[in-house]
Amino acid sequence: MKNNKEILFEAKELCKNFGSTAALKHVNLTVYRGEVRGLIGENGSGKSTISSIAAGMQPATSGEMYFKGQPHKPATMIDGAKAGFGMIVQEMGTIPGITIAQNIFLGQENLFKKHGFISLKDMYKEAKKALDAIGFTDCDPKMYIDALNMQDRKLVEIAKVMYNKPEVLVVDETTTALSQKGRDIIYKLIKQMKEENKAVLFISHDLDETMKQCDTLTVLRDGELVTTLEKSEFEPGKVKSCMVGREIGEHYYREDKICTYDKEVVIRVENVTTGRGLTENVSFELHKGEILGIGGLSHCGMHELGRAIFGEEPIVTGKVTYAPTGEEIVNARIAMKHEMGYVSKNRDIEALVLTASIRDNIIGAGFDKVSNHGIITPKSEKEYVGKQVEVLRIKCAGIDQAVKFLSGGNKQKVVFGKWIGRGTKILILDCPTRGVDIGVKAAMYEIMVQMKAEGKSILIISEEMAELIGMCDRLLIMKDGVISGELKRDDGLDEKAVIENMI
Ligand SMILES: Nc1ncnc2c1ncn2[C@@H]1O[C@H](COP(=O)(O)OP(=O)(O)OP(=O)(O)O)[C@@H](O)[C@H]1O
C-alpha cells in the first residue's frame, strides 16, 4: 500500500538476457491501482522488455512477478490477457489477409461456436461492439484488415485488447504512430482505466505527452531502474537528465529564424493526383539546400505524397521530376539514381528487412557506394556500417545482429543510417523521429542542419508540429489531399499559424 493505494503489479529482481545483452538487470517495479505509470528511457533501455514480460510475450531470465498479490508467470500473451494484462505493442499487431473481426477474435473464435460451426454473424456483431466501445465507430468489421491504413489497424488492435477488459493496460510507443484522433482515443481509455481503479503502463518518447498523461515516471537506463519520479517532480530538464545521465540542452532544433535555400529547384511536383485518390492536384518545388516540411491531420494525404515523390505510389495524373535533368521519377530505382532517399513511416514493412542483419540492411542501400568494381571488402563494409552505428548510437550486440532483435527506436536509427550513409542528396523523411529518444533526435536534427549546409535538400513529412516549426525553411500544410497553406520560416512560422491552416 502507498497512500492507501493497493499494489496491483509487482516485479522483483527481474532480469532478462538475450545472449550477451542484459536487457533488464534486477529491476524492482511496483504499480498501484488507479495509477498511470510512465516508463521512460533511451532507446534500448528495457521499457518494452519489462512490459512484454509482464504481458506474457516472453519469459524473464530470472526474478519474480506478482499480480493482485498472486505469483504471475504468464507463459503466453493469451495467458497474460486472461490474467488481466493487455498490451498495445509498438509494432504492427494485426494479421493481414483476414477480416477486422477475425483479427479482434484471433484465438478466441470458439466464443462464436454454434453447433460445431463458427457464427461469423455473431462475430461481426461482437466485433462492432468492441470497435464502438473504444470510439472507432466508422469501421466495418467485415472488411479485410488490409484495406485499413496503419493508424486504423492500430485502433483495431486497441479494440481487441480492450475487449478483454484488462486491469493493466500497456501502451508501448503507440501514440507517436497515431494522429490526434487515435491519440485522443488512447487518452480517453487511459482516463477510463484510472477511474476504474485499474492501472496503465505508458511508454512514449514524447516527454510533454508522458508528463501530461502519467502520475509517476519510472526511468530505465541500460536495463536498470534509475528512479521513479512523482508528479510534483516532473520537470523537463530533470526528467531528461535522469534518462540520459547527463544534462541535455533545451534547444535541439535550428536556432535561426530565416529562410535560407538556393534558387535552384531539385524536385518538381506538378499537379500530382495519386492512385488511391489521397492527394489531389498537388504542386510544389523543393530547392537545393532547403528543409521543406509537410504537415497536416491524418488522412490528409501527406504520407502518400512522400511515397509518390520517391516513385513508390502510383500517380494517376501529374508528375514528379528531378528538376536538373527533367527526368520523371516513376520508380525508386530512378529516384536512387538521382541520390534520393526515403525513410518510410512504415519501417517494419517498407524500410527494413527484419530478418537480415544491421550490416546487410545498411549495406543494402549503399552497395554502389562501398563496392569497388562490384566487390566489397570486409574492412570497407565494417567501416561503412560501423560509422552509422557510431553516429546514431545504434544500441546493438554487433553489426551482425538481426534487425528484428533491436528495440523500436534502434530500428528507426538503422533506417536513417541506411540513407545518410550513402550520401543521399535529396532525403524524404516520413515521421523520421518516431520512437526515437531525445539524444538521437538531437543527433538526427544536427545531421539535417549539416545536410542543408552542404546544399542537400530535405522533405520532412511529420505529425510533430514542434519538429516542423523547429526545422523547416518552408512548411506546406495539407488538408483533404490538397495543399491548404504555405508558411515561411522568416514569416511567422508558429503553432497558431499552423493550426489555422490545418483546420
Ligand atoms: N529478441 C531479442 N533478441 C536480442 N536482443 C533483444 C531482443 N529484444 C530486445 N533486445 C535488446 O534488449 C534491449 C532492450 O530493448 P527494449 O526493446 O526493451 O528497449 P526499449 O527501451 O523499449 O527501446 P525503444 O525506446 O527503442 O523501444 C535492447 O538492447 C535490444 O536490442
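Counting convention: from 1, in listed order, for ligands and their atoms alike.
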[X] near ligand 1 by a heavy-atom separation under 4.0 Å:
X      : result
His205 : yes
Gly41  : no
Lys16  : no
Lys395 : yes

How far is [atom] from the closest protein heavy atom, and which atom is that?
atom                    : result
atom 30 (C) of ligand 1 : Phe405 O, 3.7 Å
atom 16 (P) of ligand 1 : Thr49 OG1, 3.5 Å
atom 12 (O) of ligand 1 : Ala23 CB, 3.3 Å
atom 27 (O) of ligand 1 : Gln90 NE2, 3.1 Å
atom 17 (O) of ligand 1 : Ser407 CB, 3.3 Å
atom 21 (O) of ligand 1 : Lys47 NZ, 2.8 Å

Give the atoms of ligand 1, by number and element, whose distance to some non-hydrogen atom of [X] is under 4.0 Å.
X      : result
Glu42  : 21 (O)
Gln401 : 4 (C), 5 (N)
Gly408 : 26 (O), 27 (O)
Ser45  : 19 (O), 20 (P), 21 (O)

Q. Of the listed options (Ser51, Gly223, Ala402, Gly44), which comes nearest to atom 14 (C) of ligand 1 when hydrogens are ignored and any heavy atom counts?
A.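 Shortest heavy-atom distance from atom 14 (C) of ligand 1: Gly44.
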
Sort out for me which residue in [options] forms a side-chain contact (heavy atoms from CB on, under 4.5 Å) with [X].
X      : options                : answer
Lys154 : Leu148, Leu178, Ile186 : Leu178
Phe234 : Lys231, Glu230, Lys238 : Lys231
Val343 : Gln412, Lys418, Met444 : Gln412

Q) Sequence neighbours excluded, which residues qualify as side chain to side chain contact (heavy atoms under 4.5 Å, CB included) partners of Ala54? A)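 Partners of Ala54 under the side chain to side chain contact (heavy atoms under 4.5 Å, CB included) test: Phe9, Met65, Phe85.
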
Q: Could you list the residues that satisfy side chain to side chain contact (heavy atoms under 4.5 Å, CB included) with Glu446, not counting sequence neighbours?
A: none

Q) Considering only heavy atoms, does Phe18 approach ligand 1 within less than 4.0 Å through its side chain, its backbone, both, or neither? A)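 Under 4.0 Å from ligand 1, Phe18 contributes side-chain atoms alone.
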
Q | Region of Lys404 engaging ligand 1 - heavy atom pairs below 4.0 Å | A | neither

Q | Contact check: Gly46 vs ligand 1, nitrogen or oxygen atoms, below 3.5 angstrom | A |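 Yes, Gly46 has an N/O under 3.5 Å of an N/O on ligand 1.
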
Less than 4.0 Å between a side-chain N and a carboxylate O, is that true for [Y] and [X]?
X      : Y      : value
Arg33  : Glu167 : yes
Asp473 : Arg254 : yes
Glu173 : Lys47  : no
Lys191 : Glu195 : yes

**Q.** Close side-chain approach of Met87 to Ser52, heavy-atom, < 4.5 Å
**A.**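 Yes, close enough: below the 4.5 Å cut-off.
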
Q) Centre of Phe18's six-membered ring, under 6.0 Å away, within 45 degrees of the axis: is that where NZ or CZ of Lys16 sits? A) yes

